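To start, the structure under review is shown below, and the notes come after it.
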Amino acid sequence: MTDETTRHELSARFDSTGIEAPVYARWLERGGFHVDAANVAAPYVIAIPPPNVTAALHMGHGLNNTIQDVLVRFQRMRGRDAVWIPGTDHAGIATQNVVERDMAKEGLTRHDVGRDRFVDRVWEWVDRYGSTIIEQLKTMGCSCDWERTRFTLDEGLSRAVREVFVRLYAKGLIYRGNYIINWCPRCLTALSNEEAEHQEIQGKLYHIRYPLADAEGEYVVVATTRPETMLGDTAVAVHPEDERNRNLVGREVELPLVGRRIEVIADEHVDPEFGSGFVKVTPAHDPNDFEIGLRHDLERVDIMNGDATIGDEAPSAYRGLDRFEARKRVLEDLESLGLLVEVEDHEHSVGHCYRCGTAVEPRLSLQWFVRMKPLAEPALEAYRDGRLRFHPERFGNTYEYWMTSVRDWCISRQLWWGHRIPVWYCQECDGMIVTLDDPSACTTCGGAVEQDPDVLDTWFSSWLWPFSTLGWPADTPDMEALYPTHTLSTAPEILFFWVARMVMAGLEFTGDLPFTDVLLHGTVRDVQGRRMSKSLGNGIDPLEVVRRFGADAMRFTLVSSAALGTDLQLDHEDLDSSFRVGRNFANKMWNAVRFGLGYLTEDDLQTVPTDTRLELTDRWILARFAATAAAVTDALERFRLHDAAETTYQFVWGEFCDWYLELVKARLRGDRGEESRSAAGATLAFVLDGWLRLLHPIMPFITEEMYCHLPGRNDEDSLLHGPWAAADLEQLAAADAESAVTGLQEIVGAVRNLRSDYGIDPSKRVGVMVARAPASVAAAVADELEGLLRLGRMSSLEIVGSIPAGEPGAHAVLRSGAEVFLPLAGIVDIEKERDRIRSEIERLESLLEGSRRRLEDPRFVEQAPAEVVKREREKSRSCEERLSLLVEKRAVFGSG
RNA sequence: GGGGCCUUAGCUCAGCUGGCUAGAGCGCUACGUUGACAUCGUAGAGGUCACUGGUUCGAGUCCAGUAGGCCCCACCA
């Protein structure tokens, strides 16, 4: 689109359709996102939080990936070798569930087809749907280095997983043991502590009588929220110092419904104040009881099957019942025996499977664990000594707390989809082999070996992501050039699951922090403040938003609504209200550029325009641009993307479009001669080009498209690699131009205000007088007269020595000290004018009073910074001046 | 039971190291087809910055407490 005709045929309304795809295709064709490890001088690397391979894009992805793209594009434009590593996660439970559900439609379970065929089927699924989200990221404009796309089950990454398992095992940091773990009876697998989500449940506390075995009529009362577990009780405990009850220690009770005799023991865990002071002890079904059992060498009676039905260790009457069914039955039976003493409401929290929502069952089972303490120490140290930073900072507390109270990590999962645990058991002797390469026989006795059937927790591969994606454990050029990475952007809810563990893994296996800055973004919510979710049906499909409003509009809206550390609300029922801001802004940009293109020539586009030809407004907008560029750069460096968006928006719309374009129109048309036209053209082109750069990280498509339309440029050009903003922007500072133009804006503002107050027909041009304007403002008025006349709908704007006394008209006294007068013979309303002046006097008086009070306080003058005192004096003086003028005016209108 | 966050215009929220005559977008009211833009322009109304106390020359901003809302963590049955 380089020829003249096309250029001038840009439609008045910006339509993202038909622009985004070709622009993205151009970037890809040129390999614009790829960086060769051999050529890396100043790396900037982000590893994407790999979405689940079966996931479809939602707004959370929209936000997070926009943030990452902004950061990557910003650094790429600044000349860094920016690499954004994309990929997906095999997401063990989630993916297995999806495929199982799919199979269920055919009436099949995974057990019907067997392990190998099931895994094949998941792979087919992944091959078919696995690239969906990657394609969606492209639609959003994400500038990932697609040549580096990885999947956690790739051969290389799987190798890394094995390497880590073997290393940790050799170091004694991985062990296998029988412990109480969180078990999901629906997914039929162990879960880690993090995967059990605690929810407050409005439950009951049941008080049950356990008769003493050899004393008719005597009993103890235990309290429990899960009465069905009594079938597995193997003791009753009291606190060793419980005065009331410790005399019973050593006696036996007869477990109702079961008949087993169990001992009363003394254990510190019991809170003598709670309930009756007796605790039923079920070592196989409660983590605390398990610990008690260890201390007292209690029997562990496991009464439940994996699917949470009652098992063979329980009395036959209950076998086969689901746990909740069994609870009901147990309660009924206790009730009929007169042993259920009391039922009270009791709120408590119960773990739920983070994938399917089923209430987790604490279950005794043989699992693999990672010892976390030794890994946590260096990870904590890295945070404490400031090498690892969180944005917002407060998440450091959360991280620190988790690291100091971290518990061992259960990593084995009874699933089929995932990395198989690299452990083999000998079928002949008790040999166990933990090895990188599949063994063919037992290394001790030569017997046949069989691999552990379990797979590893998904997060056991995710925690290696920042380096496994770069080829670790091999010493690859990518590892050499691109590791460690720099920024990690993610949602706070996976701080423990993922972020904390990556830090541990990075330090343990590579000796480096995997990244230095962790950006935790907010949550996308609906208008009621609820999280967006499939089940609530309140989600927003980013692709629909892109289709209707454009990717840039979506990205701008997301970035500008998400201040660092805060959640953002979007209306899923009214996408228009949610994304209008971004769409309108894109349209504004489009039209501003469209306007510029009507006047600019190739010669206008040059380096920083600093010639003496520059006029006041040129110097003003250049100064404003320099300030904006500095603020935006600073904001992006500090991860304050919202500020960057806000600042540019205000500059482009509120200063560039509202004032500069308006003031410069006549000059661009050549009304003031070629010298003036070319100064305006050069300035316009420079500033336009400049803010396109500033906005490119946030709105890559429209900025690229517009950039290529600028005179002398074509599709071969690109903003992708910057430069970010021209060097030497400091030289553009022009405090004098800034204050002069502010003075002009005030005058126009006052005229518009007066017109509006007096209801003057917008089509009627008025003559205006200005007195007492500072010299610089007066000069500026003369320079920019025609523009000002148009903006204020004035027929004339005269600089006068003083406003003629007694003439009927409207007055305004400005902050610059200038006085604006609008003669209104026959129109002016004396009463109204008097009121206007009076209220202005009142306002200024109260302002002045406050200011004086401050200045009269010697402590303020002595202790406040000189700059503040100076400003206060100026404010005071300006108020006084304006007041005295207004008082004079009032005299003219009578004191009323 | 611990820890954290929030409470600023009708709505959604900015306001980072205390100096504010408290901002933005949307909405509202009035007016407007001004040759880039009605996805626009102009003006306006609208706020005791939750409450109470403290620190300070000065507090929306810091500290303590109160009230309301939210989140994270947690093996008291």
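What you are looking at is a predicted structure, and each value in this text was computed from that prediction instead of being measured.
- In this structure, A:R583 reaches the bases: a heavy-atom distance under 4.0 Å links it to at least one base atom across the strands shown.
- Minimum atom distance to the side chain of A:D271 is reached by B:A77, of the listed B:A77, B:C57, B:G25.
- When the P atom is used for both B:C6 and B:C13, the distance is 13 Å, rounded to whole Å.
- Defined by atom type and a distance below 3.5 Å, a donor-acceptor pair is present between the side-chain atoms of A:S192 and A:E195.
- Distance noted for atom C1' between B:A14 and B:C49: 13 Å (whole Å).
- Closest approach to the A:H346 side chain among B:G27, B:A77, B:G4 is made by B:A77 (side chain taken as heavy atoms from C-beta onward).
- When the P atom of B:C37 is taken as reference, atom CH2 of A:W659 falls 19 Å away, rounded to whole Å.
- Between the P atoms of B:G32 and B:C71, the separation comes to 49 Å (whole Å).
- Considering only side-chain atoms of A:Q650, the nucleotide from B:A24, B:A77, B:G27 that sits closest is B:A24.
- One interatomic measurement links the two molecules: CD of A:E400 to C1' of B:G4, which rounds to 14 Å at whole-angstrom precision.
- Looking at A:E273, its side chain has no donor and acceptor atom pair within 3.5 Å of the base of B:A77.
- Summarising the geometry, the separation between OH on A:Y354 and P on B:C73 is reported as 13 Å, rounded to the nearest angstrom.
- Side-chain N/O atoms of A:R13 include one lying less than 4.0 angstrom from OP1 or OP2 on B:U39.
- Considering only residues two or more places apart in sequence or on other chains, A:I494 meets the side-chain contact (heavy atoms from CB on, under 4.5 Å) condition with A:W459, A:T490, A:F497, A:W498.
- Along RNA chain B, the nucleotide closest to A:E347 and the one closest to A:E194 are compared, and the more 5′ of them pairs with A:E194.
- When each of A:V527 and A:Y649 is assigned the nucleotide of RNA chain B bearing its nearest heavy atom, the one mapping closer to the 5' terminus is A:V527.
- The residue A:T224 sits close only to the backbone: its heavy atoms come under 4.0 Å of sugar-phosphate atoms, none of a base.
- Here, B:U7 and B:C16 have their P atoms 12 Å apart, quoted to the whole Å.
- Using a 4.0 Å heavy-atom distance criterion, A:F496 is classed as a sugar-phosphate-only contact.
- Listed by first then second residue, pairs satisfying salt bridge (charged side-chain N to carboxylate O under 4.0 Å, His left out) with a partner in residues 746-757 of chain A read A:D757-A:R836, not counting sequence neighbours.
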Next item on the list: Dot-bracket notation for RNA chain B is requested: 5' to 3', Watson-Crick or G-U wobble pairs only, both distances under 3.5 Å, with ( ), [ ], | and . as defined.
Entry: ((((((((.[[[[.)...(...]]]].(((((.......))))).....[[[[[..)....]]]]])))))))....
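- Every residue two or more places apart in sequence or in another chain that forms a ring-ring contact (aromatic ring centres under 6.0 Å, His included) with A:Y399 is listed here: A:Y383, A:F390.
- Going from atom CG of A:D267 over to atom P of B:C76 covers 16 Å, rounded to whole Å.
- Among residue pairs with one or both ends in residues 641-654 of chain A, those qualifying as side chain to side chain donor-acceptor pair (under 3.5 Å) are A:R640-A:D643; sequence neighbours excluded.
- Comparing the same atom, P, in B:A64 and in B:G4 gives a spacing of 10 Å after rounding to whole Å.
- Applying the salt bridge (charged side-chain N to carboxylate O under 4.0 Å, His left out) test to every pair with at least one member in residues 269-293 of chain A, sequence neighbours left out, gives these pairs: A:D233-A:K280.
- The side-chain contact (heavy atoms from CB on, under 4.5 Å) test applied to A:R583 returns A:F549, A:A553, A:D576, A:R580, not counting sequence neighbours.
- No donor-acceptor contact under 3.5 Å links the side chain of A:R755 to the base of B:U42.
- Within the 4.0 angstrom heavy-atom criterion, only backbone atoms of the sugar-phosphate kind lie near A:R752; the bases stay farther away.
- Taking the ring centroids of A:W409 and A:F369, they lie at or beyond the 6.0 Å cut-off.
- Residue-environment remark: NZ (A:K832) exceeds the threshold of 12 foreign heavy atoms within 6.0 Å.
- Rounded to a whole angstrom, the distance from the P atom of B:G47 to that of B:U39 is 31 Å.
- With sequence neighbours excluded, the residues satisfying salt bridge (charged side-chain N to carboxylate O under 4.0 Å, His left out) with A:R843 are A:E840.
- For residues 659-669 of chain A, every residue pair satisfying the side chain to side chain donor-acceptor pair (under 3.5 Å) rule, not counting sequence neighbours, is listed here: A:E615-A:R667, A:T617-A:R667, A:D618-A:Y660, A:D618-A:R667, A:E662-A:K665, A:E662-A:R790, A:R667-A:S676.
- At a cut-off of 3.5 Å, with distance as the only test, no side-chain donor of A:H346 or A:Q202 sits close to an acceptor on the other residue.
- Nearest to the side chain of A:E200, among B:A74, B:A77, B:C57, sits B:A74.
- Contact annotation for A:V279: base contact, defined as any heavy-atom pair under 4.0 Å involving a base atom.
- Not one side-chain nitrogen or oxygen of A:W590 sits closer than 4.0 Å to the OP1 or OP2 atom of B:C40.
- Take A:E200 and apply the side-chain contact (heavy atoms from CB on, under 4.5 Å) test, not counting sequence neighbours, and it matches A:E347, A:S349.
- A donor-acceptor contact under 3.5 Å is formed by the side chain of A:R815 with the base of B:U21.
- Taking 4.0 angstrom as the limit, A:N753 places a side-chain polar atom (N or O) nearer than this to OP1 or OP2 of B:G44.
- Taking atom P on both B:C31 and B:A24, the two are 23 Å apart, rounded to the nearest angstrom.
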Check: Taking protein heavy atoms under 4.0 Å as touching, what does nucleotides 13-20 of chain B look like 5' to 3' if B marks base contact, S marks sugar-phosphate-only contact and - marks none?
Finding: SSSB--BS
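- Comparing B:C57, B:G27, B:U21 by their closest approach to the side chain of A:R580 singles out B:G27.
- Spacing of C1' atoms, B:U42 relative to B:G53, comes out at 46 Å, to the nearest Å.
- Distance, A:E840 CD to B:U21 C1': 11 Å, rounded to whole Å.
- Without hydrogens or angle criteria, A:W590 side chain to A:S11 main chain gives a donor-acceptor distance under 3.5 Å.
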Identify all pairs in which a protein N or O lies below 3.5 Å from an N or O of nucleotides 29-36 of chain B, and state each distance.
{"from": "B:U34", "atom 1": "O2", "to": "A:R793", "atom 2": "NE", "distance (Å)": "3.1"}
{"from": "B:U34", "atom 1": "O2", "to": "A:R793", "atom 2": "NH1", "distance (Å)": "2.6"}
{"from": "B:A36", "atom 1": "OP1", "to": "A:K665", "atom 2": "NZ", "distance (Å)": "2.9"}
{"from": "B:A36", "atom 1": "O3'", "to": "A:R594", "atom 2": "NH2", "distance (Å)": "3.4"}
{"from": "B:A36", "atom 1": "O2'", "to": "A:N591", "atom 2": "OD1", "distance (Å)": "2.6"}
{"from": "B:A36", "atom 1": "O2'", "to": "A:R594", "atom 2": "NE", "distance (Å)": "3.4"}
{"from": "B:A36", "atom 1": "O2'", "to": "A:R594", "atom 2": "NH2", "distance (Å)": "2.6"}
{"from": "B:A36", "atom 1": "N7", "to": "A:K665", "atom 2": "NZ", "distance (Å)": "3.4"}
{"from": "B:A36", "atom 1": "N6", "to": "A:C657", "atom 2": "O", "distance (Å)": "3.2"}
{"from": "B:A36", "atom 1": "N6", "to": "A:E662", "atom 2": "OE2", "distance (Å)": "3.3"}
{"from": "B:A36", "atom 1": "N3", "to": "A:N591", "atom 2": "O", "distance (Å)": "3.2"}
{"from": "B:A36", "atom 1": "N3", "to": "A:A592", "atom 2": "N", "distance (Å)": "3.4"}

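- When heavy atoms are screened at a 4.0 angstrom cut-off, A:E268 is found touching no nucleic acid atom at all.
- The line from CZ of A:F556 to CG of A:L641 is 11.5 Å long, rounded to the nearest 0.5 Å.
- Residue A:S349 places its side chain closer to B:A74 than to any other of B:A74, B:G25, B:U39.
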